[in-house]
J.: 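Would you mind keeping the following structure in view while I ask a few things?
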Amino acid sequence: MALGNFLTEMGRLEFSMLLLGEMVSKEPMEYLFEDYAERPFGKKIPWFEERCNASEALKQYKSELTQIYADMRTLKTKRNYLVHGETYEASFKRRPRAPYRVGVTPDNVEYLDDFDHQQHGENVFDIEQVKAAMAQCAKLKDQVVRIRAEVIANAEPHEEEGEDSWPPPAAAKAG
């Protein structure tokens, strides 16, 4: 259940990133969604960063966003271990049997033997560690949602120029 909750929170974080990215982009959601949805989380971070850093509306959030990008990269490592892993029940150090999520490590094909021999690295998660990763997702999502809400609340209404179409006329002729 903890892993399912983590995955749900990851999805919410990724969706909040898309919504903020869309808000500060000229491209319509349909275009952005197709591009964004095909990317794994690690490639969504630079996508998000590029759009946010190019936005005049987000300039006042630069230092907070810089920390958010770093936290997302830290989360990416945990996310990859949790998503690309296996769940085992085991007992260590005379504790009761408990479930552990053991992530695949590309540089160590013996990662499951290491787990069995109680050599637990950053790729092994007990339930509390999975819950902590989920809380990290929720915190990041809440920050992104808050920034988006503040930008919306502080935005000045503006009139659209010309037709509301995509791609822009110059790109349509070139394509």
J.: Looking at Phe41, Tyr36, Tyr69, which hits ring pair (Phe, Tyr, Trp, His ring centres under 6.0 Å) with Trp47?
T.: Tyr36

J.: Quick one: does Lys62's side chain get under 4.5 Å of Lys59's, heavy atoms only?
T.: no

J.: How far apart are the C-alpha atoms of Leu82 and Phe125, what are their side-chain angles, what is the distance that settles it, and do they pass the side-chain contact (heavy atoms from CB on, under 4.5 Å) test?
T.: CA-CA 8 Å; Leu82 288 167; Phe125 295 80; 3.6 Å; yes

J.: Looking at Lys78 and Ala133, what are the two nearest heavy atoms and their distance?
T.: CD-CB, 4.5 Å

J.: Does Met10 form a side-chain contact (heavy atoms from CB on, under 4.5 Å) with Leu75? I'd like the steps, not just the answer.
T.: CA-CA 10 Å; Met10 273 303 308; Leu75 177 63; 3.8 Å; yes

J.: What distance do Glu50 atom CD and Ser55 atom OG have between them, rounded to the nearest 0.5 Å?
T.: 12.5 Å

J.: To the nearest 0.5 Å, what is the distance between NZ (Lys43) and NZ (Lys76)?
T.: 8.0 Å

J.: For the residue pair Val144 and Lys141, establish whether any side-chain heavy-atom pair is separated by less than 4.5 Å.
T.: no

J.: Compare all side-chain heavy atoms of Val83 with those of Leu7 and state whether any distance is below 4.5 angstrom.
T.: yes

J.: Are Glu38 and Glu34 close enough that some pair of their side-chain heavy atoms sits under 4.5 Å apart?
T.: yes

J.: Side chains of Glu150 and Tyr61: do they bring a donor and an acceptor to under 3.5 Å?
T.: yes

J.: Just how far is it from atom CG of Leu20 to atom CZ of Arg146, taken to the nearest 0.5 Å?
T.: 11.0 Å

J.: side-chain contact (heavy atoms from CB on, under 4.5 Å) for Val151 and Arg148? Distances and angles first, verdict last.
T.: CA-CA 5 Å; Val151 171; Arg148 184 173 183 270; 5.9 Å; no

J.: At their closest point, which heavy atom of Leu32 faces which heavy atom of Ser25, and how far apart are they?
T.: CD1-CB, 3.8 Å

J.: Are Thr87 and Tyr100 close enough that some pair of their side-chain heavy atoms sits under 4.5 Å apart?
T.: no

J.: Kindly compute the distance separating CD (Gln136) from CD (Glu9), expressed to the nearest 0.5 Å.
T.: 11.5 Å

J.: Within this structure, what is the CZ-OH distance for the pair Arg97 and Tyr88, rounded to the nearest 0.5 Å?
T.: 12.5 Å

J.: Quick check on the hydrophobic clustering: are Val24 and Leu19 connected, directly or via other members, by side-chain heavy-atom contacts under 4.5 Å?
T.: yes

J.: Go through it in stages, so that I can follow the logic: the residues are Arg39 and Asp35, the test is salt bridge (charged side-chain N to carboxylate O under 4.0 Å, His left out), and I'd like the CA-CA distance, side-chain angles, deciding distance and then a yes or no.
T.: CA-CA 7 Å; Arg39 297 168 185 258; Asp35 178 47; 3.1 Å; yes

J.: Do Met17 and Arg51 come close enough that some side-chain heavy atom pair is under 4.5 Å?
T.: no

J.: To the nearest 0.5 Å, what is the distance between CD1 (Ile68) and CD (Gln143)?
T.: 4.0 Å

J.: Go through the steps for Arg73 and Glu49 under the test salt bridge (charged side-chain N to carboxylate O under 4.0 Å, His left out), then give the verdict.
T.: CA-CA 11 Å; Arg73 286 185 177 86; Glu49 187 173 0; 2.6 Å; yes

J.: Taking the six-membered ring of Phe6, is the NZ or CZ of Lys131 close enough (under 6.0 Å from the centre) and on axis enough (within 45°)?
T.: no

J.: Kindly indicate whether the side chain of Glu64, heavy atoms from C-beta on, has any atom under 4.5 Å from the side chain of Ile147.
T.: yes

J.: Restricting to non-hydrogen atoms, name the atom on Leu13 and the atom on Cys137 that form the minimum distance, rounded to 0.1 Å.
T.: CB-O, 4.2 Å

J.: Which is it for Ile127 and Met1 under the side-chain contact (heavy atoms from CB on, under 4.5 Å) test, yes or no, and what are the steps along the way?
T.: CA-CA 9 Å; Ile127 288 176; Met1 185 158 67; over 6 Å; no

J.: State whether a side-chain donor-acceptor pair under 3.5 Å links Gln67 with Asp71.
T.: yes

